[in-house]
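One-based numbering, in listed order, for ligands and for the atoms of each.
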Amino acid sequence: MTKAVIPAAGLGTRFLPATKAMPKEMLPVVDKPAIQYVVEEAVGAGLTDVLMVTGRNKNALENHFDRVAELEATLEAKGDTAKLERVHESTDLADMHYVRQGDPKGLGHAVLRAHMHVGDEPFAVLLGDDIIDARDVLLTRMLVEQERRDASIVALLEVEPEQIHLYGAAAVEATGDPDVVRVTGMVEKPAREDAPSNYAVIGRYVLKPEVFGVLERTPPGKGGEIQLTDALMAMAEDVEGTGGVFGVVFRGRRYDTGDKLDYIKAVVQLAADREDLGPELRDWLSGYVAGFTH
Ligand code: UTP
């Protein structure tokens with residue numbers, strides 16, 4: 001498998017006004033836009049062919065992964081190789097492709113736009129505003145399970161019961177493996193009392209190409225949008241021999257940069273762990289929390 005699809009065409013309304021003229025995936029997390037972490041994760045798992053599904057304001061996304069001749073020439077003339085390397089990091093990362101979603105009719109609709117590029121092979125979907133800490137393994141494990149089980153794979157995170165209404169929740173059955181469950185059903189953003197489990201579906205999927213046919217027949221669901229969850233629900237029931245759905249349980253660090261509070265936590269946590277910024281930030285933070293510094 002070599003292809004990754006990154007839907008980044010959502011309106012990002014939770015982050016207005018920052019996202020009025022810029023996609024939320026371009027918000028910097030320390031010193032890289034969120035989307036670069038996601039592309040790096042795909043490449044790290046061996047998926048070097050990346051298709052981004054973009055919406056309005058797509059220019060910033062495309063430009064970030066393109067060359068900037070003027071900037072490169074200026075840094076070269078100054079002999080600033082360290083900064084030049086940072087500029088090249090995103091340019092040389094992957095084989096980038098772009099497709100427009102048109103109207104933002106939902107995540108399922110965005111994935112459907114990838115059909116032509118992906119063709120008839122399994123592929124990964126990584127949501128552009130969900131960051132998985134590079135020190136924790138998720139996508140690689142999902143790729144292994146997809147091949148082993150010849151099924152579609154979702155990523156599951158156990159959340160507090162009061163948080164489950166923010167996610168798609170999965171009904172699951174145990175397999176012999178503690179890290180893998182069989183998904184028997186899914187409910188999009190359920191009330192706490194209606195949730196089938198505390199397993200939240202997070203923004204990583206490895207899908208069989210049969211998902212495209214299912215999506216084509218999926219009517220608009222919650223919010224009038226074509227929901228990927230609805231298609232996965234049909235696939236979990238394996239109605240048309242689509243292979244079923246399994247969940248890989250993730251126990252590592254994950255940041256939802258589309259949510260304001262989670263975004264702030266991501267910036268603080270990732271900066272605090274960095275060698276160049278961490279020591280000073282930690283010192284300042286402990287003083288700030290204790291009320292000694294402003
Ligand atoms: P969200 O549910 O976070 O929606 O989308 P959103 O519109 O981006 O953000 P808010 O809720 O208004 O703040 C989940 C993922 O699906 C993509 C988004 O870019 C995000 O990665 N998406 C969503 C699309 O690509 N197209 C859509 O029509 C909807």
Side-chain angles (χ1 to χ4, degrees), residues 4-27 29 33-42 50-62 64-65 96-118 123-132 138-139 154-155 157 159 163-169 186-190 200-207 211-212 215-216 218-232 254-264 266:
V5 173
I6 304 185
L11 295 176
T13 56
R14 281 170 295 163
F15 233 117
L16 282 168
T19 48
K20 190 175 167 198
M22 180 181 78
K24 63 177 168 181
E25 291 81 4
M26 283 304 295
L27 288 169
V29 178
I35 193 76
Q36 189 175 330
Y37 290 85
V38 178
V39 175
E40 284 171 354
E41 182 192 340
V50 175
L51 175 72
M52 210 171 282
V53 185
T54 61
R56 66 198 178 105
N57 306 326
K58 69 159 189 171
N59 291 354
L61 284 165
E62 285 198 16
H64 183 70
F65 293 98
M96 300 296 299
H97 305 269
Y98 301 90
V99 64
R100 280 267 197 177
Q101 186 180 359
D103 291 328
K105 291 191 211 153
L107 177 57
H109 181 253
V111 171
L112 202 46
R113 300 286 293 134
H115 191 179
M116 197 114 98
H117 184 82
V118 167
F123 64 105
V125 174
L126 294 86
L127 297 196
D129 55 356
D130 230 343
I131 294 181
I132 299 295
L138 174 60
L139 190 56
V154 296
L157 182 75
V159 300
Q163 295 286 311
I164 197 72
H165 71 278
L166 300 169
Y167 299 88
M186 260 185 241
V187 192
E188 185 62 30
K189 303 194 167 81
V201 179
I202 57 170
R204 297 292 178 273
Y205 310 81
V206 181
L207 303 173
V211 72
F212 294 123
L215 278 169
E216 264 161 22
T218 302
K222 224 172 195 170
E225 296 188 338
I226 298 178
Q227 300 284 355
L228 181 61
T229 308
D230 289 342
L232 287 169
R254 172 244 179 199
Y255 316 98
D256 175 5
T257 60
D259 174 80
K260 272 185 252 192
L261 186 59
D262 250 27
Y263 169 80
I264 295 165

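On a distance-only criterion, G258 and ligand 1 share no N/O pair closer than 3.5 Å. The shortest N/O to N/O separation between T13 and ligand 1 falls below 3.5 Å. Remark: ligand 1 and V53 share no N or O pair separated by less than 3.5 Å (distance only, no angle test).
Taking the side chain as every heavy atom from C-beta outward, F123 and L207 approach each other to under 4.5 Å. Put simply, the side chain of D130 reaches to within 4.5 Å of the side chain of I202, judged on heavy atoms. Counting only heavy atoms from C-beta outward, the side chains of L228 and T218 never approach each other to under 4.5 Å. Residues M52 and I35 meet the side-chain proximity criterion, which asks for heavy atoms closer than 4.5 Å. Contact check for V118 versus F212: side-chain heavy atoms found under the 4.5 Å cut-off.
Within a 4.0 Å radius of atom 25 (O) of ligand 1, the protein contributes one or more non-hydrogen atoms.
Taken from CG in L16 to NZ in K24, the straight-line distance is 10.5 Å, to the nearest 0.5 Å.
No donor-acceptor pair under 3.5 Å is formed between the side chain of R254 and the backbone N or O of I132. Side-chain N or O atoms of Q101 include one that pairs as donor or acceptor with a backbone N or O of G106 at under 3.5 Å.
Only one option out of V53, L112, I226, L127 pairs with L107 in a side chain to side chain contact (heavy atoms under 4.5 Å, CB included); it is L127.
Residue R14 holds the heavy atom nearest to atom 13 (O) of ligand 1 of all those in Q101, R14, Q227. The residue among A8, G10, A34 with a heavy atom at the shortest distance from atom 22 (N) of ligand 1 is G10.
Listed by number with element, the atoms of ligand 1 under 4.0 Å from a non-hydrogen atom of A110 are 24 (C), 25 (O), 26 (N). Distances below 4.0 Å separate heavy atoms of P104 from the following atoms of ligand 1: 28 (O). Numbered from 1 in the order shown, with element, the atoms of ligand 1 that lie under 4.0 Å from a heavy atom of E25 read 19 (O), 21 (O). Close contacts between ligand 1 and G128 involve ligand atoms 21 (O) [criterion: under 4.0 Å to a heavy atom]. Per-residue contacts place K105 under 4.0 angstrom from the following atoms of ligand 1 (heavy atoms of the residue considered): 28 (O). Close contacts of ligand 1 with G106, meaning ligand atoms under 4.0 Å from a residue heavy atom, involve 26 (N), 27 (C), 28 (O), 29 (C).
The residue E225 has no part lying near ligand 1, judged by heavy-atom distances below 4.0 Å. The residue H109 has no part lying near ligand 1, judged by heavy-atom distances below 4.0 Å. Contacts between P7 and ligand 1 below 4.0 angstrom, taking non-hydrogen atoms only, involve backbone and side chain alike.
In this structure, atom 6 (P) of ligand 1 lies nearest to the protein heavy atom K24 NZ, 3.5 Å. Looking only at protein heavy atoms, the nearest one to atom 15 (C) of ligand 1 is L127 CD1, 3.9 Å. When only non-hydrogen protein atoms are considered, atom 16 (O) of ligand 1 lies nearest to L107 CD1, 3.5 Å.
Contact analysis puts G12 in contact with ligand 1, with a non-hydrogen atom separation below 4.0 angstrom. Remark: distances from the non-hydrogen atoms of L11 to ligand 1 include one below 4.0 Å.
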- Query: Passes side chain to side chain contact (heavy atoms under 4.5 Å, CB included), T257 versus L27? Steps please.
  - Reply: CA-CA 8 Å; T257 60; L27 288 169; 5.9 Å; no
- Let me see the working for Y205 and L232 under side chain to side chain contact (heavy atoms under 4.5 Å, CB included), right down to the final yes or no. CA-CA 10 Å; Y205 310 81; L232 287 169; 3.7 Å; yes
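The ring of Y263 has its center closer than 6.0 angstrom to the ring center of F15.
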